[in-house]
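Reading through the structure tokens given below for one structure.
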Amino acid sequence: KKQLVIVVKGLDNPFFEAINQGCQKWNKENPDSEYECFYTGPASTSDEAGEAQIVQDMLGKADTAAIAISPSNAKLIAQTLKTANPSVPVMTLDADLAQEDAALRKTYLGTDNYLMGKRIGDYMKEAKPDGGKVCSIQGNPGADNILRRAQGWRDSLSGKEGLSELKGEGGWTEVAGCPVFTNDDGAKGVQAMTDILAANPDLAGFGIMGGWPLFGAPQPYRDLFKPMADKIAKNEFVIGAADTIGDEVAIAKEGLVTALVGQRPFEMGYKAPSVMMDLIAGKPVEDPVFTGLDECTKDTVDTCIQK
Amino acid sequence: MAVTLDQTIAQKQRNWIASVVGGQTFWVLIAVILACLFLSAATDSFATAKNLYNITRNVTFVAIIALGMTLVIITGGIDLSVGSVLCLCSMVLAVVMHAGYSIEVGIAASIGTALIIGAFNGLLIAYLDFPPFVVTLGMLSIARSLAMVASNNTVVFQFGPDHDTLLALGGGAWFLGIANPVLYMIILALLTGFVLRWTRFGRYVFAIGGNEHAATLTGVPVRRIKVAVYMISALSAGIAGIVQTGWLGAVTTNIGAGMELQVIAAAVIGGANLAGGVGTALGALVGAALIEVIRNSLGLLGINAFWQGTFIGGAIVLAVLFDRIRNFRQSE
Amino acid sequence: MAVTLDQTIAQKQRNWIASVVGGQTFWVLIAVILACLFLSAATDSFATAKNLYNITRNVTFVAIIALGMTLVIITGGIDLSVGSVLCLCSMVLAVVMHAGYSIEVGIAASIGTALIIGAFNGLLIAYLDFPPFVVTLGMLSIARSLAMVASNNTVVFQFGPDHDTLLALGGGAWFLGIANPVLYMIILALLTGFVLRWTRFGRYVFAIGGNEHAATLTGVPVRRIKVAVYMISALSAGIAGIVQTGWLGAVTTNIGAGMELQVIAAAVIGGANLAGGVGTALGALVGAALIEVIRNSLGLLGINAFWQGTFIGGAIVLAVLFDRIRNFRQSE
Amino acid sequence: MGQACRFWEVSRLVAVLELTNISKHFGAIQAVNDVSLSLLAGQVVGLMGDNGAGKSTLVKMIAGNFRPSEGTIRLDGSEIVMHRPVEARQHGIEIVHQDLALCNNLTAAANVFLGRELRRGIGPLKVLDYKTMYRRAGEIFRELKSETRPRDLVRQMSGGQRQAVAIARTMLSEAKIVLMDEPTAAISVRQVAEVLNLIRQLRDRGIAVVLISHRMPDVFTVADRVIVLRRGRKVADKPIEASSPEEVTGLITGAIEQV
Amino acid sequence: MGQACRFWEVSRLVAVLELTNISKHFGAIQAVNDVSLSLLAGQVVGLMGDNGAGKSTLVKMIAGNFRPSEGTIRLDGSEIVMHRPVEARQHGIEIVHQDLALCNNLTAAANVFLGRELRRGIGPLKVLDYKTMYRRAGEIFRELKSETRPRDLVRQMSGGQRQAVAIARTMLSEAKIVLMDEPTAAISVRQVAEVLNLIRQLRDRGIAVVLISHRMPDVFTVADRVIVLRRGRKVADKPIEASSPEEVTGLITGAIEQV
Ligand SMILES: Nc1ncnc2c1ncn2[C@@H]1O[C@H](COP(=O)(O)OP(=O)(O)OP(=O)(O)O)[C@@H](O)[C@H]1O
Ligand SMILES: Nc1ncnc2c1ncn2[C@@H]1O[C@H](COP(=O)(O)OP(=O)(O)OP(=O)(O)O)[C@@H](O)[C@H]1O
Ligand SMILES: [Mg+2]
Ligand SMILES: [Mg+2]
């Protein structure tokens, strides 16, 4: 069978596993297709060069009919694509190339990360219009999608564009020691949040740009915020968090987070093969194709996730 | 003359105070205490019950593994696979319990996995004379890959019927308000200390690290001890994995990534010598504590995130500096 | 009798064929060749010009650093900071060029950074007798943190006026269609091989690894050589960083993460002995090549992504197995 | 001379250990080649030979460190096969290794008792009995007249003290055979005299002693019989009074072929 | 005896090296305490003493491995301060270390030339001259009558061969002073004779030799003068013919206080 290849940033992330689930579901539903969906990636999300090497390998493989890439280093993948000059259609998935390299791929399928961050900010601002001291929790220091979310989040809170740190704009101030980079480690995330909270008792909220502290360490997260459940309910303390993976929705239900803004990785994985087949067939395809966002608050948890 | 000989034989070159003060462990302990005093004075938030509760709990996972690692390091070996073994053991526990088995079955499966991996490492190292670095580096890769296979790379956060028991095990505080993981750590440290000082096994571990050839010649079962030591190291990673699972309430396939270097750093900072023959259980704890106190303080002091790595790295180097300066003076 | 003595003195216990075949490097080279033959037969896509171009280029970054690491390992040390140093040097180059300076200035700044870091590591290790593991572990943390500071944690992908020169340097193929990085790697490997075999410096590196005490007693400038060795290691990471920047066309604070273990694995698989005294430049290349061939083949053979780690880990262990079995037979 | 004769006579009665056609090769190297000999209770045998002649290899086989490639070892008339050094010790064979086999990071007492630590306690829970080990080690050092402190690390000890620690090992249990591989190489005249005295004491207790040494005077002072190895083969085995330093030197260097 | 006298007389004329009130302490340990002595060209000095008496420490100071805590060293009448072993060699002082100071992973020739490799080439680009080093090393081994192959690794060598390698180092250049720290400890009678012969050869070339040994016969065979250290102090320094093994033994053990 010819392969529709999906290369993700790293296998160590359950988010990408959801993409894989979508990919496998597509395979199950299309057993007779001349194509199959093939999922791969480097072992670790931080292995950027490794991802580029896998992209090369896949482009060099005779079976490859089309490829969808989730670039962890957009510039690097762009460079790789330039030198490889692939004959098969290329698209991006989940994360996109930079604006000026857009010509290297046929389309982008995935979340609008900027919008996602903006929505997190919107929820926080709505809950606490006066602002206060905040801290953003980020993942890997080099991850572009997270940086874009953070930008959207800041833009939303400040009402201005392109600030790299909030210093009172729109009433919001980032405290010293923030942003925190957790390197996609849930426990580390919660530990850092605990420290920040201890150091700044007057903190007004957290903006969590990647869901690690919630789905990777749900229990310590609960332990940390259960005593503050009241304040969260009264919007005295606000937490906006990314993703709806694992235990996150349950946490929202318990009222320990103001709002969740989640992506739809399963949908990405499920849709990607069809998009790629369209590209192979030469059919016109929209650019970009945004998968939607699932937005959950305490009240909407039962209905917010698109099935 | 006879008196002199008897007196000489009864003497000891260094009394126990001298040998305590002479060790690196002591100086690192001093550093930890000084750091704590400084933080208590400099911030309101350090010396609170809650912060201390958190710090002591955070320290445990690295510390527990560092105990096993210390044994390995004393024999002159190294175990790079502990982070991945922690991940695999957590995952086995999670998957088994998620499938509806009881917590006992889950823990047994998890411990069993750890022992098998440790035995594999140990057999290759002891009987086929593989370099420990290579074997355990290979296992680092293998164990994490198996964790992905076992879980299908998903987040497991529901642990079947015994869900709450597991969470209480890792997240509770059954005794005097001390976090459970801390209790386990203390028990394991006492056990390790006891084994090292008071058992024949511990004596052999030191002998192998001091002079493996001599140990073999005098009839120490060097190979069996080495296998046991790698099994203990994997076991400690497994135990840490189980406890951590109970604490976190969820398992992903990236937990414990990069932990091996942290654990080795803790053991080495605490005085274990990678050349073999030297190390203590207390040192493992103290080394882990120093790293955690630094990490905690960076948050409390509001240090810029970009600079935090510099502080942590600097502190690791500084921790050994005390000991070096002392040695340096003495030898000159 | 006089004749016998003369004959004895003229003899050599092992001729060069025996000593080549006797080394681990040889067996790993055989393994690499076998793997390549197998892949050429089993897949259509392995033995294509493009794939070979990619493989040879991919191998270079680990291989170049492994050359420097081999020197460190021969002296009996270890350098865990190379991944972070690669990152910092790339970042310095990128930031300087982005600020509008020429490529020469950028490279000079980058190399200068590498040398300073190497000297720092080396001075602590050689003159203050710090354990190499601790110092370079601290530096692992520090260098990456400094890279964040230098770049403000942004992605740098515009390199000022000499942008294209830099990309050509790393991404081009100026000679017979061989990727430039491969050329650099070959030149550096020849240089390293030459230094190890034909210079006094190389001789001293081996002497230090063989018996540091003896080297000191016989007047080898042990400390200065050690400092030089760590500087070379950092330098090799810096060079790899510059070349990789030219190839990648973008620098983030992530690059080189976890690379230290890969590099050490390459050196050790290639026959360097972490106990010191043994290692070759060719070995570093062969070790890096084996790892890359395995990685490449897993993708080409369509192995399930979850299982890839198991294969890579297994291969690392297997690589040493050949050598072990041979040794084992001999000693029995 | 009269004394030596006395033991020579006794010895004919009791052959504690008999080696028959023992060989050992390491790969291509033939370290010991078809050696037969017997050790007799209460007799000191000096084992001499050039560097690399195979002396250490021979005694290591007796001590259970190596297994012979060929040949048999008979203890008190019955054949034994030893797989580990512990088994040799259980048979009453003790050895002082040429490189002393000491762990620098342990105390003198710990080194003396290495491999057979004393333990106390009840049932399966047994802990090391430090006190008794220190006491016993101290007693042995006193017996050896060596200023060695049982509680000190071996790392800091002088050559003579290290030697004392290695020799002390052989005195832990009542051995039948004591093998000494160059016990006097690096120690001063004072301790040499002590060691030779010790060997005489062992002999007088009826223990068979093998003394490997390159020091002709030592061997001729204390040994009852001398065995010379050359290139793995036994080239001489005779009562000491029937030989002379000159003859032995000739045998070692090969100037004399065989006697 | 007559010969010894001859050198004793010569020596009064030429004091190659003079130590004045040399002391060395390591932390609290006083290894060498206020020792003065002079070495004379063409004279062999036997340096004896108990284990830990400070013999090795003393010669290491002469060889530039340690710097004295106190006291001065005078070479050919002018004071020298050495910071590194190379400087001592430049002054014509060679040493054979007690632990031989060999690198097991290098060849015999590489060990012989360690620290002063021969190189060839033009200008700044110099490469190791393997060929000449192998040749020279071979010549020296031939001179020493040692069956040592310059191209073999030291790891695989016997005790005697290792000793030969260490001794060969001292013969690379024309030394004024050769210090030998127990060169005969672990080697067989055959090589002992060679080493003693070698020492005589050195002496006859007018070189001052210090021989540290625990073997009384060696010292009394070859030395012209004997110095005894006890607990870091010099307790005797007299011509060999004015002393006796018994006296020296007494001095070493402390039975005789001082002469
Ligand atoms: N473990 C081993 N592996 C290979 N060869 C060995 C081993 N042990 C000894 N040999 C070799 O066997 C031969 C005999 O060595 P052995 O140590 O028995 O000599 P020796 O008589 O004790 O010499 P010395 O007086 O120097 O101690 C030597 O050629 C030596 O290199
Ligand atoms: N580097 C060192 N650091 C500390 N103490 C030392 C050092 N070197 C030697 N000593 C101590 O100095 C004293 C003299 O040692 P030295 O080696 O000179 O004795 P020696 O006469 O050569 O003995 P031996 O006959 O055993 O070789 C000993 O107590 C020894 O422990
Ligand atoms: Mg021997
Ligand atoms: Mg000495």
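All heavy atoms count here, side chains included; hydrogens, waters and symmetry mates do not. In what follows, chains are A, B, ... by sequence order, proteins preceding strands, each numbered from 1.
- The contact list for residues 72-81 of chain B toward chain C, using heavy atoms and a distance under 4.5 Å, reads B:Ile78, B:Leu80 by residue number.
- Residues of residues 133-148 of chain C that come closer than 4.5 Å to chain B, counting heavy atoms only, are C:Phe133, C:Val134, C:Val135, C:Leu137, C:Gly138, C:Leu140, C:Ser141, C:Ile142, C:Ser145, C:Leu146, C:Met148, ordered by residue number.
- Residue C:Phe311 places its CZ atom among 12 or fewer non-hydrogen atoms of other residues, nucleotides or ligands, all under 6.0 Å distant.
- When every heavy atom of C:Val149 is checked against every heavy atom of B:Phe306, the shortest pair comes out as CG2-CB, 3.7 Å.
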